[in-house]
Structure formats: structure tokens, C-alpha cells
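Read through the structure below, which is laid out as C-alpha cells, and then see the notes.
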Amino acid sequence: MSVRVRFAPSPTGYLHIGGARTALFNWLYARHAGGKFVLRVEDTDEERNTPEAINVILEGLRWLGLDWDEGPASNDPAGDSVGDRGPYYQSQRAEIYARRVEELKVKGLAYEDDGAIRFRMQREAVTIPDLICGDVVRELTDREQEQPDFVIVRSDGKPVFHLVNVVDDIEMGITHVIRGEDHLSNTAKHIALFRAFDVEPPQFAHIPLILNANGSKMSKRDEGASLEGWQQAGYVSSAVTNYLSLLGWSPKDDSQVMPLSEIIERFDLPQINRANARFDLEKLQWMNYEHLRALPMADYRERAVAAGVDFGGATEDYIAAALGTCQDKVKQVDDLPTFCSFYFTDEFDYDEAMAAKAFAPDNKEPFARLREVFAGVEDFTPEPLEAALKALAEELDVKVRVLVMPARCACTGVKVGPSLYDLMAVLGRDRVLVRFDKALAAMS
RNA sequence: GACCCCUUCGUCUAGUGGUUAGGACACCGGCCUUUCACGCCGGUAACACGGGUUCGAGUCCCGUAGGGGUCGCCA
């Protein structure tokens, strides 16, 4: 039987990073096994359900590149969907649940209790076969011993999570349930329900949770908990999926930075760890940098625009050359505007601290000489520029920085940026000389 | 209160009875350099604790401690 997995989020208005990883693991497994990835929206809690809340999930998954083979085509629960096992919004499946509840009643496995309907739960321990945790024997808790029969339909007629979850997994032919470990204990109820419907339960794989850096449970407000934050901060989605894939799963060798295609190929359930993992912002940042620098220039350019870089009227060649000097040095695309804006405008202020040092009176004479040398350099490219500058430093018997600092400040106004020689070559002789003159004037 | 899961450097992890306990992020030092958010080289740093089993235990068993989860007419 071919693999069918599902991601079943509830539209709460945000996509939790842990939920994103659950979706990723399901998707990875489907793609690895050549199976189907189903998206089902558990929108039974109507209060929080809004088209916007659903969009957050849909957009989040799209951004991550987790395309679903079956599921909603839009954020309209009553709208179109892809796949023949729909509807994929639980709010549209009331009849199916009613039919299944009736089935349990007929079998004598469900009964009414003050208006609600309870499932006749078994009283013995349930063994949960789990691909990651092994066989887990779940005993009843003290409270469950008092009342083992749990509610499957509320007195207002709405079916409860445990029921709809199992019914949908049956109807949708789900073969593997990959979900957070917070559902492990609940699985006893689910297995009992599957049996009540005379259906062999799917394979279960409970994956460890993602915790905060301090080990506490990650909730909505915690730093980094919402996927939207990463989307807005300009993170590269492949970096996020790469980072997330390494939380709980391991390729078992020293691989760290991998393209999605490689992760798909190597991903499998038995390699998943059983221990919870903590979210490490710094490693994600590093991972993002690794993916950012590997981006094709066209993509990088697009991100630069999104980050707010104004290219002015620059030509494409100039833009590509300019961004090329930044790509392997800028860690976050958010930093790009301050890093490269000097390329696209002549109107910038000198950083005070930088200028105070760079434009010190003692530097003026050497810097003026540098201007003349650069005016005469035959080939205005990095290597000749560097050679010329160093030759002059030697001739004047000054440290290289005496020439470099004012040159950088004159060209960019700030102390951090691309390699000085590269940046001057991109700027071109005319622009560099104009900026040198302006700086010289500021030095007197 | 009960039940379930987990425990290797600060963090993510490799390790399936015999290893100098490996890698990555972070950190520290050096080199290069432009004073940098590039790069290169090097370093500090871990088997939670206590009992077993075994010639030998990070690896197997039991216990303790700690962390997480669940027990709802939320999902």
C-alpha cells in the first residue's frame, strides 16, 4: 500500500514552528516514499476560524515549499479542493461524523450522557506501536479509571477532536500518522476508536517536541515560535527547512547544509531522535547565511529589493556586480541595505566615529596622494588597485590603514562593507574620485 | 494526584559492549586582512546520579533525580 500522510493544523492565526516541522516531516516522508501528502484543516473551533487564520497556514506551507497533493485549493472551507477524499475542511464534514457516531451507537460502543455522547473506552492498558518510540504501554490514569469513557460529541452536537481525527484518518486512507509527541498519550484513545470501527490503525510516529532555548515549552509568544516571523525577517525558506530537519532527525554523518532534494532522499522515520530539542536561534542564523550566499543572483537581487534596497537607476550589470561583493559577507538580508546602499546613491552621511579616525588631519596628505595614484591607475580593477595602494603605503612609509580607512569612509561612509578594492572597482574610477574629493574637502 | 516519553560538550547531534567519545553552531586564541558581519588554522567543553550484568558499559537492566507531555463537552 502506498504511503499517505497528512498534516492537520487548526487555524489559530499563526503557524507554530513545531507545527511547521511536523508538516515538514510528513511532507519529507511522503516525498521520500513516493506517497501522498494530504492537508486537512481542523477548523472545528469556529471562534478562532477566520479566512485570515487559514491563510496564515496555507501561506506558511507554500513559503516552506511544502506542496500538498490533496487538500484545500483556497482558504474558503466551502470552496474547491484537490483530491477525491474531501472535503478537507472538517467544518464541511459534519454528515460523515454523524454517520460514524451512529455506527458506534449501533454497535453499542457509544452512548448518550446528559446530552453529550461518550465512547465506551476499553478499561485495560493499550499498547501503542510507535515507529520512533517502540511499543508504548499506556495504562489508564487515576482519573481515567474513574471515568474511562471519553466524550466524542459535545452536548451542542459538535464532534470532538479524538473522534474527527480518527474518522478522517480512516476516510482519507492515512497510512502513517506523524505528529508531535504531545499526542502520544492520546493515541491510546485513537487506537481504541480505530478498532471500534474495525479498522487497522495506521502506523504511528511521534516526533519529539521543540522547546525554547531554556528548555521550557515553546508557546505562541516566545521568540521564534511563529513561522511568520521568519518569513518577515527575510529568512531563506530552504534554510528554515534545513534547520528544522536537523531538529530531531539526523543524516547520521557530518552533513549540515543540504538542499531539500538531498534531505528528501536521506530522510526516514527510524532515524528520528526520541529526545526533545531546543530551538537555537544562532544556528538558524548561521544556516540562513549558508543558504543566502548560495542563492542565484536573480534570487538574491529579488531579496535585496524586498529588504528595502533602492537600486536607483542602476543598470542590471552594475547591480549584479555590486550585490556580488556583498553576498558572501552579509549574514542576514536585513543587513543588506546598510551594507550596500552606498553603491546606489552619492548622498550618504559619514559615520561619525569612523570619520573622526579616518579623516584625521595626519591622513590628509597620504590620502591626497592616493587620489592622484588612483587617477592614474591604468586598469581600475581590484588587483591593480590593491597593488597601487600598497605601493604607495610603502613609498610613504605609512601603514596600509592610513590609506585604507579614509578611502573606505570616503566611498561608503561606514566601517563595515564589501572588500575595499572590490567595491572601488564596482563604483568605477569617476565615482571614486568624486567621493575622494568630497572627503578631502571634509578633511580640511 | 496518575499515566507516558526523554537525559552525550552551553545548543543540535554521531555513537547500537572494547573510540584519544566524532561533527556542527556558539565561544576563546592565532593567521590573513581594512579597524569588519568574509576566509583559514587551532583550542576549551559532554556520557545526570547510584546500583547491577559483563573480562570490559555512553552503549544492556533496575532505581533516583531532573526535564517534557497527557489525563477537557480545546485541538
Side-chain angles (χ1 to χ4, degrees), chain A residues 8-12 42-45 47-48 90 113-118 125 128 130 132-134 136-148 150-162 164-165 180-189 206 208-211 213-217 243 246-257 271 273-287 289-290 293 325-332 335 338-339 353-354 357-358 386 389 399-405 407-409 414-422:
Chain A
S10 180
T12 56
E42 308 217 334
D43 58 339
T44 51
D45 182 4
E47 278 183 30
R48 288 184 291 187
Q90 290 186 334
D113 176 28
D114 291 339
I117 296 174
R118 288 183 183 274
I128 303 163
D130 190 281
I132 294 166
C133 303
V136 175
V137 179
R138 170 80 212 292
E139 307 275 354
L140 297 198
T141 66
D142 52 0
R143 281 177 197 148
E144 286 167 337
Q145 274 171 12
E146 285 173 30
Q147 172 53 289
F150 56 93
V151 170
I152 52 175
V153 180
R154 295 185 285 195
S155 47
D156 65 1
K158 294 247 162 52
V160 171
F161 166 73
H162 301 299
V164 298
N165 194 265
E181 196 224 70
D182 48 336
H183 285 294
L184 184 55
S185 290
N186 288 155
T187 306
K189 293 185 169 86
H206 287 93
L209 270 21
I210 298 178
L211 272 24
N214 65 8
S216 63
K217 185 184 181 182
Y243 173 73
L246 260 17
L247 246 35
W249 173 77
S250 166
K252 303 292 185 191
D253 62 10
D254 296 337
S255 303
Q256 303 279 339
V257 182
Q271 301 160 38
N273 222 67
R274 300 174 70 167
N276 291 167
R278 299 181 190 210
F279 187 80
D280 184 353
L281 174 60
E282 285 172 329
K283 186 152 185 181
L284 205 208
Q285 285 173 337
W286 165 78
M287 185 65 84
Y289 164 63
E290 293 296 328
R293 68 196 301 201
T325 64
C326 304
Q327 197 174 2
D328 64 358
K329 243 190 145 182
V330 174
K331 289 211 161 181
Q332 312 222 111
D335 298 332
T338 53
F339 202 84
M354 172 67 172
K357 278 195 207 168
E386 180 171 1
L389 184 145
K399 288 191 184 285
V400 171
R401 80 162 73 97
V402 168
L403 298 174
V404 161
M405 280 173 65
R408 169 173 289 283
C409 193
V414 289
K415 65 175 182 178
V416 242
S419 156
L420 177 64
Y421 310 108
D422 289 345

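Just so it is clear: chains get the letters A, B, ... in the order the sequence lines come, proteins before strands, and each one is counted from 1.
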Atom CZ of A:Phe161 to atom C1' of B:U70: distance rounded to whole Å? 12 Å
Can you measure from OG (A:Ser419) to NZ (A:Lys329) and round to the nearest 0.5 angstrom? 7.0 Å
Could you please spell out the steps behind the salt bridge (charged side-chain N to carboxylate O under 4.0 Å, His left out) verdict for A:Lys283 and A:Glu290? CA-CA 11 Å; A:Lys283 186 152 185 181; A:Glu290 293 296 328; over 6 Å; no
For A:His183, report the nucleic acid contact type (base, sugar-phosphate, nothing); a contact means any heavy atom under 4.0 Å. base
Given atom CG of A:Leu211 and atom C1' of B:U11, what is their separation to the nearest angstrom? 12 Å
Spacing between A:Asp328 atom CG and B:C36 atom C1', to the nearest angstrom: 13 Å
By salt bridge (charged side-chain N to carboxylate O under 4.0 Å, His left out), which residues pair with A:Asp156, not counting sequence neighbours? A:Arg154
Can you check the A:Trp249 CH2 to B:A14 P distance for me, whole Å? 11 Å
Heavy atoms under 4.0 Å, any strand shown: does A:Arg278 hit a base, just sugar-phosphate, or nothing? sugar-phosphate
Base, sugar-phosphate alone, or nothing: which one does A:Ala277 contact when heavy atoms must sit under 4.0 Å apart? sugar-phosphate
N/O donor-acceptor pair under 3.5 Å between A:Arg293 side chain and A:Gln327 backbone: no
Has A:Arg274 got a side-chain atom pairing as donor or acceptor with A:Cys133's backbone, closer than 3.5 angstrom? yes
For A:Arg154 and B:C73, what is the distance between atoms CZ and C1' respectively, to the nearest whole Å? 6 Å
Nucleotides 27-33 of chain B: which of its N/O atoms have a protein N/O under 3.5 Å away?
none

Integer angstrom distance from the P of B:C62 to that of B:G67: 22 Å
Quick one: A:Asn186 CG to B:A75 C1', roughly how many Å, whole number? 10 Å
Mind checking the C1' distance from B:U64 to B:G72? Whole angstroms is fine. 33 Å
Measure centre to centre between the rings of A:Phe150 and A:Phe161, then say whether the value is under 6.0 Å. no
Between B:G58 and B:G50, how far apart are the two P atoms, rounded to whole Å? 12 Å
For A:Gln90 and B:C74, give me the distance from atom CD to atom P, rounded to whole Å. 14 Å
Provide the distance between the two C1' atoms, one in B:A46 and one in B:G15, to the nearest whole Å. 13 Å
Looking at every strand, decide which applies to A:Tyr289 at a 4.0 Å heavy-atom threshold: base, sugar-phosphate, or nothing. sugar-phosphate
Quick one: A:Trp286 CH2 to B:C38 C1', roughly how many Å, whole number? 15 Å
Considering only the P atoms, how many Å lie between B:C47 and B:G42, rounded to the nearest integer? 25 Å
Separation between the C1' atoms of B:C31 and B:C36, rounded to whole Å: 16 Å
Please examine the side chains of A:Asp113 and A:Ser155, heavy atoms only from C-beta on, and report whether any two atoms are closer than 4.5 Å. no
Inter-nucleotide P distance (B:G69, B:U20), Å rounded: 40 Å
For the P atoms, the ones on B:C25 and on B:C40, what distance do you get once it is rounded to whole angstrom? 10 Å
I want to confirm an ordering. Mapping A:Val153 and A:Gln332 to their closest nucleotides on RNA chain B, which one lands closer to the 5' end? A:Gln332
Please figure out whether A:Lys252 or A:Lys357 has its closest RNA chain B nucleotide nearer the 5' end. A:Lys252
Mark yes or no for whether A:Glu144, through its side chain, and A:Thr141, through its backbone, hold a donor-acceptor pair below 3.5 Å. yes
Close N/O contacts between protein and nucleotides 4-8 of chain B (under 3.5 Å):
from	atom 1	to	atom 2	distance (Å)
B:C5	O3'	A:Arg274	NH2	3.1
B:C5	O2'	A:Glu181	OE2	3.0
B:C6	OP1	A:Arg274	NE	2.4
B:C6	OP1	A:Arg274	NH1	2.9
B:C6	OP1	A:Arg274	NH2	2.1

